[in-house]
Number of protein chains: 2
Amino acid sequence: MNSLNPARQAPVTTADKIFETMQHEIVEGEILAGSKISEPELAKKYQVSRSTLREALNRLEKCHLIERKANVGSRVVECTVTGLLEIYIVREALEGMACRLAATAMADDEIAELQSILADHGQDKKLQDGVAYYQEEGDLDFHYRVIQGSNNQQLINILCGELYHLVRMYRCQFGMNSPRATRAYDEHKAILHAIADRDGELAEMLMRRHIAASRKNIERKLEQEKL
Amino acid sequence: MNSLNPARQAPVTTADKIFETMQHEIVEGEILAGSKISEPELAKKYQVSRSTLREALNRLEKCHLIERKANVGSRVVECTVTGLLEIYIVREALEGMACRLAATAMADDEIAELQSILADHGQDKKLQDGVAYYQEEGDLDFHYRVIQGSNNQQLINILCGELYHLVRMYRCQFGMNSPRATRAYDEHKAILHAIADRDGELAEMLMRRHIAASRKNIERKLEQEKL
DNA sequence: ATGTTTAAGATTGTCGACAATTTATTGGCA
DNA sequence: TGCCAATAAATTGTCGACAATCTTAAACAT
């Protein structure tokens, strides 16, 4: 999936590698959410100097995975319900707009390619039925391609560069194998149909509903867990 | 204006000060857009070590004022027409959503305060008439408060922390003393009215039109300059 | 003259050490 | 016992130097 990102450059410097390693560990929860980051400790763990580690920390901060306070240090971000819902709001606004733009900016062959990918997902879904994991990957893949299709570098940068891994982190740590798999698949089809029709207004509305439905689904689920 | 930002912490470390200095110089164009950043040169200019300067550069990158390539160096971002229009698109999506949220999240006294501020702007506008500068500040101020009113930390962070200074940079360098002053003022009043009515849907639509109108105004102006 | 290879110069990335600040610990006092 | 002050320990911020990489220049061959 990461390999699909054309903007992503291969990790050339050591700080790049430490960054990617830590990014993975934070997303997967191996480095616990909310935990304090000890620069000396981690520098020893990864066998690099503190300068190099700090360079990596700066990039983690750029994609909102850690937070720094002057003269105090860094902490991994907490995974709160509020934070999760806030991100869905941002995604609803930005991906909705991206979808509107994609309806006019995407080339015919890009749309065709995405249609065939979606068809593949449909078959896989039938095979695996309830198992939502693959669908999750597929969901990310679909959203990712629509964003790229917007052809707006600022949008792409924010969604694919700065928010993407934070979204993945929440998915991992809240264990989201949603029961919305088949419905989400249908919604994807409808969105893509609107894009193929070059109907930006409808495409935006459908994408916003799609993301809002996910958000409400989570709100509902978390409400039930409380009871 | 900056003093209105509650999230902003006073510059405590030397890297903070260098960051703010450079941020100002880039926004105002004293450090030219598109120019290459020489670490040794700037370190000498500001009388700090390269490590400290690099720390400042990292924060400039976070708010999209410079871009870095591994083993090559940093450049100040270019101010292109495409880039400007792209930012307006992002703002339309995000500030529209912020406005929708503000309609339900803002407290009554916050709304009242903003109304009185807007009234002051109206008087100042009458006094200074065509002079758009103060109105520009007022425009930023209004948008800023609506964003804060959304009470969504992710939104606030992106708009006020990461995009704010880039928007200011474009305003400075493209010399935007728009002739939309009085119309923008009326639009602000209508937006705030919708917020006071707690009509989020309308508030979002009006804010989106407001920003889209600005964008189209710029598109038109730049189109004319070409001819 | 032009294009390629090689070497020199300059720039960025990384390192370890020191200074400044914060946090933890200890001791004293109400 | 509980709270505050002073000290000790640990952590973050800053510095200058070295290593790796890129850029520029010069020399050479075609």
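The model shown is predicted, which means the values in this text are computed figures rather than measured ones. What's counted below: heavy atoms across the whole structure, side chains too, no hydrogens, waters or symmetry copies. Naming: A, B, ... by sequence-line order, numbering from 1 per chain.
- Looking at A:Thr21, its side chain does come within 3.5 Å of a backbone N or O of A:Lys17 through a donor-acceptor pair.
- In plain terms, the two heavy atoms of A:Cys99 and A:Ala203 that are nearest each other are SG-O, 3.5 Å.
- Look at CG on B:Asn58: it is 17 Å from P on D:dT12, rounded to the nearest Å.
- Taking 4.0 angstrom as the limit, B:Lys69 places none of its side-chain polar atoms (N or O) nearer than this to OP1 or OP2 of C:dT11.
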For nucleotides 20-25 of chain C, 5' to 3', base contacts (B), sugar-phosphate-only contacts (S) and non-contacts (-) with protein non-hydrogen atoms under 4.0 Å give -SSS--
Show the distances under 3.5 angstrom between N or O atoms of the protein and N or O atoms of nucleotides 14-17 of chain D.
unit_1, atom_1, unit_2, atom_2, d
D:dT14, OP1, B:Thr13, OG1, 2.2
D:dT14, OP1, B:Thr14, N, 2.7
D:dT14, OP1, B:Thr14, OG1, 2.2
D:dT14, OP1, B:Ala15, N, 3.3
D:dT14, OP2, B:Thr13, OG1, 3.1
D:dT14, O5', B:Thr14, OG1, 3.4
D:dC15, OP2, B:Ser49, N, 2.9
D:dC15, OP2, B:Ser49, OG, 3.2
D:dC15, OP2, B:Thr52, OG1, 2.4
D:dC15, N4, B:Ser51, OG, 3.2
D:dG16, O6, B:Ser51, OG, 3.4

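- Among the atoms of the strands shown, only primed sugar atoms or phosphate atoms (P, OP1, OP2) are found under 4.0 Å from some heavy atom of B:Ile37.
- For the residue pair B:Ala103 and B:Gly200, the shortest heavy atom distance occurs at CB-CA, 3.5 Å.
- Among the atoms of the strands shown, none is found under 4.0 Å from any heavy atom of A:Ile18.
- B:His64 and B:His165 are not linked by any side-chain donor-acceptor pair at a separation below 3.5 angstrom, with hydrogens and angles left out of the test.
- Rounded to an integer number of Å, the gap from A:Leu42 CG to D:dA10 P is 17 Å.
- Using cut-offs of 30° and 60° on the angle between ring planes, the pair A:His188 and A:His143 is perpendicular.
- Within the 4.5 Å cutoff, side-chain heavy atoms of A:Cys160 are placed close to those of A:Gln148.
- If you take NZ of A:Lys44 and C1' of D:dT11, they are 15 Å apart, rounded to a whole angstrom.
- Across the protein-nucleic acid pair, B:Lys36 atom NZ and D:dT24 atom C1' stand 14 Å apart, rounded to whole Å.
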From CA spacing to verdict: salt bridge (charged side-chain N to carboxylate O under 4.0 Å, His left out), A:Lys216, A:Glu223: CA-CA 10 Å; A:Lys216 284 164 190 163; A:Glu223 202 61 33; over 6 Å; no
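- Heavy-atom contacts from other residues, nucleotides or ligands closer than 6.0 Å to NZ of B:Lys36 number more than 12.
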Derivation and outcome, side-chain contact (heavy atoms from CB on, under 4.5 Å), residues A:Phe142 and A:Ile117: CA-CA 8 Å; A:Phe142 178 80; A:Ile117 287 174; over 6 Å; no
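- Rounded to whole Å, the distance from CG on A:Leu57 to C1' on D:dG13 is 13 Å.
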